[in-house]
Amino acid sequence: LISTFLVQRTNLRTDQWGGSYDNRMRFAMEVVQAVRAAVGPNFIVIFRISAMDMLDGGLAWSEILQLAHALEAAGVNIISTHFCWHEAPVPTIATRVPRAAFTSVTGRLRQALRIPVITSNRINMPQVAEEVLARGDADLVSMARPMLADPELVNKTRDGREDEINTCIACNQACLDHTFGREQVTCLVNPRACRETLLNYVPTTRPKKLAVVGAGPAGLAFATTAAQRGHQVTLFEASGEIGGQFNLAKRIPGKEEFHETLRYFSRMLTLHGVVLKLSTLVDAELLQSQGFDEVVIATGITPRQPELEGIQHPKVVSYLDAILARKPVGQRVAIMGAGGIGFDVAELISHAGVSAATDVKVFAREWGIDFVNHPRGGVTGVKPAVETSGRSITLLQRKTDPVGKGLGKTTGWAHKMVLSRRDVRMVNGVEYLKVDDQGLHTKVHGEPTLFDVDTVIICAGQLPLRALYDEIAALGLTAHLIGGAYEAQELDAKRAIDQASRLAAEI
């Protein structure tokens, strides 16, 4: 409300509350004066400024300074800075944003003031906060989502246990996306967040010998939580590393934070004494012979291969082979399937150079931000410059809904915008006919259409891998299904970790 008065673009009033900047500041200043009068002189008053609002025609730096000095004179004790509005076409809190990307703006403001300043946005680990403070960018650091991911973050930092922190990966799937969907806020990596009286990990009075098969997000969440409660847990994984689908996600530019979740789970496996057996294929007889009380199947999924003429053609590549670089991807590409995996594949194969999520300068270029000269809103007159791989890419889907409709509420728009800037074409209403030497034959909204491509990447959904569960049930062992093995439709780590954690709390 206060910011809408400040910015000329949103303040269209013609009375004493609009027009000149002094008039647009009037509402903010009268609010501060009224608050100070109500609380007296010995009460800390903090005012939050959008120090770079990312709006074309937004606040100028001179206006931000004028407001800050006026607030300081009016008796505000601390100024807290944030960045962007929901309407601004620049991501500021998604995982594709570099850590502490905007703190230099706070640092510039700090130099002009005598009162302390707070900075925020994508500060998710203690060393990041320490670096911000050491640079002189702020006097205090604000965190919100990291406390949902791990409410013990500060205690672990104090005790030198930073490697035990369950890091916020800025996915927004269970916090902000839930907020805008009018759902209960929680956290993808910590399902107990905001449910602390409903979901509890109480020490067990009847320890069991448990086998967990599959070390993806579901298997890891169950194994560590069950072991934390006092059960004896052995975790079997067919591959040579833990992580499952997270090992694909962490390879996508902009999703580097997924490494942190795997680092956390690795530490929890050790801390809680889970016996980890990598590169180990198990069958029902082996599990029965080792005397496990119960078995949890978290074997995940297998990519679905559609019934399509020419599906074995050399042009056809699975999304697994594309992401893991096991097969070459040509210059002209059609991606069959525009769900989350299809978008991730498009992000990966269209990307070039350094990831914007790990380099603030690259991020600024990609989103058209000028941190040095700070034009109005930080973006006015600045044209985004996106590096691309040079591939010609078409993202296809069967549904006639807009492509990308099912992506995250607070992150999907940025995903689509980046791909659009890389000239990735998005087509809906596609019926797939066949693949041959000419390319991918389709009908688009009923019209025959040939996509003359070198590579067709299949992102056509997943099927649950649950054969082992059926074998175990046939032997009479008690078994549970979780994660993708339970439900493979649109891979959902939020659902998988939540389901696994609830089972571990009950078993």
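Position 1 is the first residue of the sequence, and the numbers go up from there.
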Please report the interatomic distance [atom1]([X]) to [atom2]([Y]), rounded to the nearest 0.5 Å.
| X | Y | atom1 | atom2 | value |
| --- | --- | --- | --- | --- |
| Thr442 | Glu431 | OG1 | CD | 8.5 Å |
| Phe343 | Thr411 | CZ | OG1 | 11.0 Å |
| Ile323 | Ile341 | CD1 | CD1 | 6.5 Å |
| Gln173 | Asp492 | CD | CG | 6.5 Å |
| Asp454 | Ser392 | CG | OG | 9.0 Å |
| Asp163 | Tyr264 | CG | OH | 11.0 Å |

Using side-chain heavy atoms (C-beta onward) and a distance below 4.5 Å, is [X] in contact with [Y]?
| X | Y | answer |
| --- | --- | --- |
| Glu237 | Thr280 | no |
| Asp150 | Asn190 | no |
| Thr394 | Val453 | no |
| Phe363 | Asp359 | no |
| Met336 | Cys459 | no |
| Arg502 | Arg195 | yes |
| Ile457 | Ser318 | no |
| Leu188 | Ile497 | yes |

May I ask you to decide if [Y]'s main-chain N or O and [X]'s side chain share a donor-acceptor pair within less than 3.5 Å?
| X | Y | result |
| --- | --- | --- |
| Lys416 | Val403 | yes |
| Glu471 | Tyr469 | no |
| Thr103 | Ala101 | no |
| Thr95 | Ile169 | yes |
| Arg304 | Ala460 | yes |
| Thr400 | Gly429 | no |
| His178 | Gln184 | yes |
| Thr225 | Ala504 | no |
| Arg229 | Ile507 | yes |
| Arg332 | Ile393 | no |

Could you check Arg495 against Tyr486 for side-chain contact (heavy atoms from CB on, under 4.5 Å), going step by step and ending with a plain yes or no?
CA-CA 10 Å; Arg495 182 183 64 229; Tyr486 176 82; 5.7 Å; no
Which atoms form the tightest heavy-atom contact between [X] and [Y], and what is the distance?
| X | Y | answer |
| --- | --- | --- |
| Leu395 | Ala338 | CG-CB, 3.8 Å |
| Ala298 | Ile482 | CB-CG1, 3.8 Å |
| Val379 | Asp56 | CG2-N, 3.8 Å |
| Ala51 | Phe83 | CB-CE2, 3.9 Å |
| Arg145 | Ile93 | NH1-O, 2.7 Å |
| Ser501 | Tyr201 | CB-OH, 3.4 Å |

Surrounding CD of Gln127 (heavy atoms of other residues, nucleotides or ligands, distance under 6.0 Å), is the total greater than 12?
yes
So does Lys277 have more than 12 non-hydrogen atoms from other groups sitting under 6.0 Å from NZ?
no
Establish, from distance only, whether the side-chain atoms of [X] and [Y] form a donor-acceptor pair under 3.5 Å.
| X | Y | result |
| --- | --- | --- |
| Thr358 | Glu256 | no |
| Arg263 | Thr167 | yes |
| Asp177 | Thr410 | yes |
| Arg422 | Ser350 | yes |
| Asp437 | His313 | yes |
| Asn428 | Arg398 | no |
| Glu260 | Asn124 | no |
| Asn121 | His82 | no |

Relative to Phe102, does Arg122 satisfy both conditions: NZ or CZ under 6.0 angstrom from the six-membered ring centre, and within 45 degrees of the ring's axis?
no
On the six-membered ring of Phe292, is Lys209 placed so that its NZ or CZ lies under 6.0 angstrom from the centre and within 45° of the ring axis?
yes
Looking at [Y] and [X], is there a salt bridge between them, counting it only when a charged N and a carboxylate O are closer than 4.0 Å?
| X | Y | result |
| --- | --- | --- |
| Lys208 | Asp293 | no |
| Glu387 | Arg365 | yes |
| Glu347 | Lys255 | no |
| Arg391 | Asp423 | no |
| Glu164 | Arg267 | yes |
| Glu487 | Arg466 | no |

CA sep, side-chain torsions, deciding dist, call: Glu366, Arg421, salt bridge (Lys or Arg N to Asp or Glu O under 4.0 Å)
CA-CA 9 Å; Glu366 191 167 277; Arg421 288 173 179 169; over 6 Å; no
List the steps, then state whether side-chain contact (heavy atoms from CB on, under 4.5 Å) holds for Thr119 with Val141.
CA-CA 5 Å; Thr119 196; Val141 165; 4.3 Å; yes
Under the criterion side-chain contact (heavy atoms from CB on, under 4.5 Å), I'd like the reasoning laid out for Ile242 against Leu276: C-alpha separation, chi angles, the key distance, then a yes or no.
CA-CA 9 Å; Ile242 66 170; Leu276 176 62; 3.9 Å; yes
Going through the distances and angles, do Leu220 and Val212 end up as a side-chain contact (heavy atoms from CB on, under 4.5 Å)?
CA-CA 9 Å; Leu220 291 167; Val212 184; over 6 Å; no
Between Gln462 and Thr302, does a side-chain hydrogen bond (donor to acceptor under 3.5 Å, both in side chains) hold up when you go through it step by step?
CA-CA 6 Å; Gln462 303 81 31; Thr302 186; over 6 Å; no
The single option from Thr234, Leu281, Leu235, Val282 passing side chain to side chain contact (heavy atoms under 4.5 Å, CB included) against Val213:
Val282
